[in-house]
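Let me begin by presenting the structure, written as structure tokens, before commenting on it.
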Protein chains: 2
Amino acid sequence: MTHGAEATTPSTHLVRRLNAERVLQEVWDGEPVTASALMAATGLARSTVLALCRELTDRGWLVELDDARAAGAYTKGRPALRYAFRPDAALVVGVDAGQHRVSAAVADLHGRVVAEESVHLDPGSDAAARRASVLDAVGVAVARAGRTDREVVAAVLGVPAPVGTTGVPAGERNPFWALMNPGLEDLFADRGWDTVVENDANLAAVAEAEHGDGAAAYAALLVGERFGAGIVLDGTLRRGPRGAIGEMRILDLVEGVGRSDGLGALARDEARRRLDAGRAAGSVLADVPRDRLDAEHVLAAAGAGDAVAGEVVDGLADRLARVCAVLSGLLDLDRVIVTGAMAPALGPVVERARALLPDHLHDPSVEVVVSDLGPDVVRTGAVRLAVEHVRSRALDRDLPAEG
Amino acid sequence: MTHGAEATTPSTHLVRRLNAERVLQEVWDGEPVTASALMAATGLARSTVLALCRELTDRGWLVELDDARAAGAYTKGRPALRYAFRPDAALVVGVDAGQHRVSAAVADLHGRVVAEESVHLDPGSDAAARRASVLDAVGVAVARAGRTDREVVAAVLGVPAPVGTTGVPAGERNPFWALMNPGLEDLFADRGWDTVVENDANLAAVAEAEHGDGAAAYAALLVGERFGAGIVLDGTLRRGPRGAIGEMRILDLVEGVGRSDGLGALARDEARRRLDAGRAAGSVLADVPRDRLDAEHVLAAAGAGDAVAGEVVDGLADRLARVCAVLSGLLDLDRVIVTGAMAPALGPVVERARALLPDHLHDPSVEVVVSDLGPDVVRTGAVRLAVEHVRSRALDRDLPAEG
DNA sequence: GCAGTAAATTCTAGTGCTAGATTTTCTCCG
DNA sequence: CGGAGAAAATCTAGCACTAGAATTTACTGC
């Protein structure tokens, strides 16, 4: 069961690495910090903290500020050295390489987006075109930030396909997945960036981590064209050997769901079905050209009290409730976070789904909420993961030369 | 995402503890070992290994054998000290406190069962009766082993109810669960045993761990009266905040399953339904008194070619396939291990279910197998967990006085 | 300006670990 | 019997960490 630690690194280095990471984590997001504060936060002895800070300063991650008392809330005693993280020490790139759209962001080590660029992409584009679009979007974003490639140290790319570590690669099992991840991990090899490709729902889960209020078990549910879930258990994102944890094709087997289409696809199809069947007389939906009709119209109409749209929305809520029930029933989740481009409009649907949960769950302790991260969750998660990647390897890396 | 380590223990003690555990783990199951072998296995320096062995010897976990060269395969050089684990240094108790039956085992630190006792239990028994039965079975087993309570250091009790760590206790949410776990964690407090109560399916998963061929993602599926799964992801048993990971009430929502009854219950009910409907003419099942008819009869009859029984078995296979599909589709499992008292008879059902998997799974990389641990899996898992519990706390504990 | 006090830093001794040099304890072989 | 050779154990120096003593730096009140 307990698979034991890596066991190759001599214990002493391991501890050093761990301590450095803990100090860095403490300093990373916040205000300048004194050694005493770090001692309290990490539980390390003063000498240890000071030695680590010195090393991290030498390596360029921290700066020593000497306005010691200036900002400190105390007046007595010897003024402390203060160390501050340098968020501009390096840049990271986060990309949402979706089916229809590639969105790239350049961010500092706080995860603050400095510049971005998104390009539309024909869903039918071939592998070469997809790669080119990603390169293009990233190139524009970096240029727009007024920075150079050499300042970037890591890139994370989100794709709508499972990304596994063992067994047959996803791309060889499914041509769609091959297309969605056309060798992206090598895309920036020549620039020396650490590049990680990750499933989009998993990145959404990473993005929601800080909004999880420390919930140790939750799912980030992408609900647009297809369902997809990024699943965090015991505080850590779970991927599975083939990267397929949270793949939701299995919804085909769930009663009242029956297929794995997302809420967006479902809203569109159900509305059209009603129109086609002539059951939308008097509905504002009948005024929208059939080809243009999509989820947004339906949600808006339902909000305005349209009966036909309301029916469709009820259907969405029912489906969402069942999906949440299956996920949380099996995985004992504290929370399901509904997210993706559609999420901001889904408040009423989620509210209704919440009310339906007790029909399916014996003990509905799960909390279903709408993400407040907006439409760029995946990209946000990519940036966040890139930042974590850099942080966890801080001691291995020399910072890029300035400017 | 990364929730950080415990961060209270000073780093240096942490390392010591980790190293001790690694050494202990290496010695635990096997033959006498030399320091050199431990160095190779753990990657620690010679001085470190020797110091640890000395301490573990002082504390009574190991003995130093000086028949140095006698057993060693080499003839040259200075003969090495050899250390051997003392499996009799203490005893553990493992209990399967099921709905109908309580089965207790006393085992040594290798997990070898020294004595056992099981008692039948009326499913309607109240909390006091259940507690008494457990105490009774354990008492008899210890006596039968010819040992005393003082030699036992840990007990693990498996119950057919979720065992959580946060939120409302399972017992307060469901009276059945309250009955199944009637305050068992305090049962041996007066004897000073470390007592752990754990869900039965989770214990089955623990028991299957060594048979998992190192599979990092698998489920142990109890299939008797109700379905229940113990789920191992990334090499570690996942419990969930409320201990409800792998709870399968949610099967109500799966098409073609529709309720969470296990294969045993299903076989019985389906066979009776056919009898009642008069559709069992010519079947050997018609010869069995209706009240006595159960899964065993059905499986045996199907094995002998009985058509009606065959129909029922097909139904079981269909259901099992769907359950495996849901579990592995959502959790990216390498393996589902069908286990429990019925498992040995389920070979043909599993075989058929395996053939049905591709109907439900896009990429059926999961391997469905029958456990070969026999009917006492849960108790075996309980013993195993108790042993692991003792091992992981070896340095904290003084061994009980002998005899 | 000088004690008194507070809060930081620096210093010191001690522990666990590592790596490598040295010593011990064997067998083998002339 | 007395090396040569091999493998283990022991010794030594050095590093990371801890805990606590000593020291530094600054403000406060007299």
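Per chain, numbering begins at 1; letters A, B, ... match sequence-line order.
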Residue pair B:Val27 / B:Ala84: nearest heavy atoms and the distance that separates them: CG1-C, 4.2 Å

A:Arg16 side chain near D:dC17 phosphate (N/O to OP1/OP2, under 4.0 Å): yes

Between [N] ([atom2]) and [X] ([atom1]): distance, integer Å:
X       : N      : atom1 : atom2 : result
B:Tyr83 : D:dA8  : OH    : P     : 13 Å
A:Arg17 : D:dA16 : CZ    : P     : 13 Å
A:Arg82 : C:dA7  : CZ    : C1'   : 15 Å
B:Arg22 : C:dG16 : CZ    : C1'   : 14 Å
B:Leu65 : D:dA8  : CG    : C1'   : 16 Å
A:Leu50 : D:dA16 : CG    : C1'   : 14 Å
B:Met39 : C:dG20 : CE    : P     : 12 Å
A:Leu38 : C:dT9  : CG    : C1'   : 15 Å

Salt-bridge criterion met for B:Arg384 and B:Glu388 (N-O under 4.0 Å): yes

Salt-bridge criterion met for B:Arg242 and A:Asp334 (N-O under 4.0 Å): yes

Audit row: A:Arg59, A:Glu55, salt bridge (charged side-chain N to carboxylate O under 4.0 Å, His left out) steps and yes/no: CA-CA 6 Å; A:Arg59 281 178 180 271; A:Glu55 177 168 357; 3.2 Å; yes

Sugar-phosphate, base or nothing in reach of A:Ala51, heavy atoms under 4.0 Å: nothing

side-chain contact (heavy atoms from CB on, under 4.5 Å) evaluation trace for A:Val142 with A:Asp149: CA-CA 7 Å; A:Val142 172; A:Asp149 284 353; 3.8 Å; yes

All N/O pairs under 3.5 Å across the protein-nucleotides 18-21 of chain D interface:
unit_1, atom_1, unit_2, atom_2, d
D:dT18, OP2, A:Ala45, N, 3.0
D:dT18, OP2, A:Thr48, OG1, 2.4

Residue A:Ala80, side-chain atoms from C-beta onward, closest of C:dA8, C:dT10, D:dT10: C:dA8

Closest to side chain of B:Arg54, choosing from D:dT10, D:dA8, D:dC17: D:dT10

A:Ser36-A:Arg46 side chain donor-acceptor pair, cut-off 3.5 Å: yes

Donor on one side chain, acceptor on other, B:Asp29 and B:His110, under 3.5 Å: no

side-chain contact (heavy atoms from CB on, under 4.5 Å) assessment of B:Val15 paired with A:Leu14: CA-CA 9 Å; B:Val15 166; A:Leu14 199 111; 5.9 Å; no

Please list, for nucleotides 23-25 of chain D, all pairs of protein and nucleotide N/O atoms separated by less than 3.5 Å.
unit_1, atom_1, unit_2, atom_2, d
D:dT24, O2, A:Arg78, NH1, 3.3
D:dT25, O2, A:Arg78, N, 3.3

Sequence neighbours excluded - ring pair (Phe, Tyr, Trp, His ring centres under 6.0 Å) pairs with any residue from residues 15-48 of chain B: B:Trp28-B:Phe85

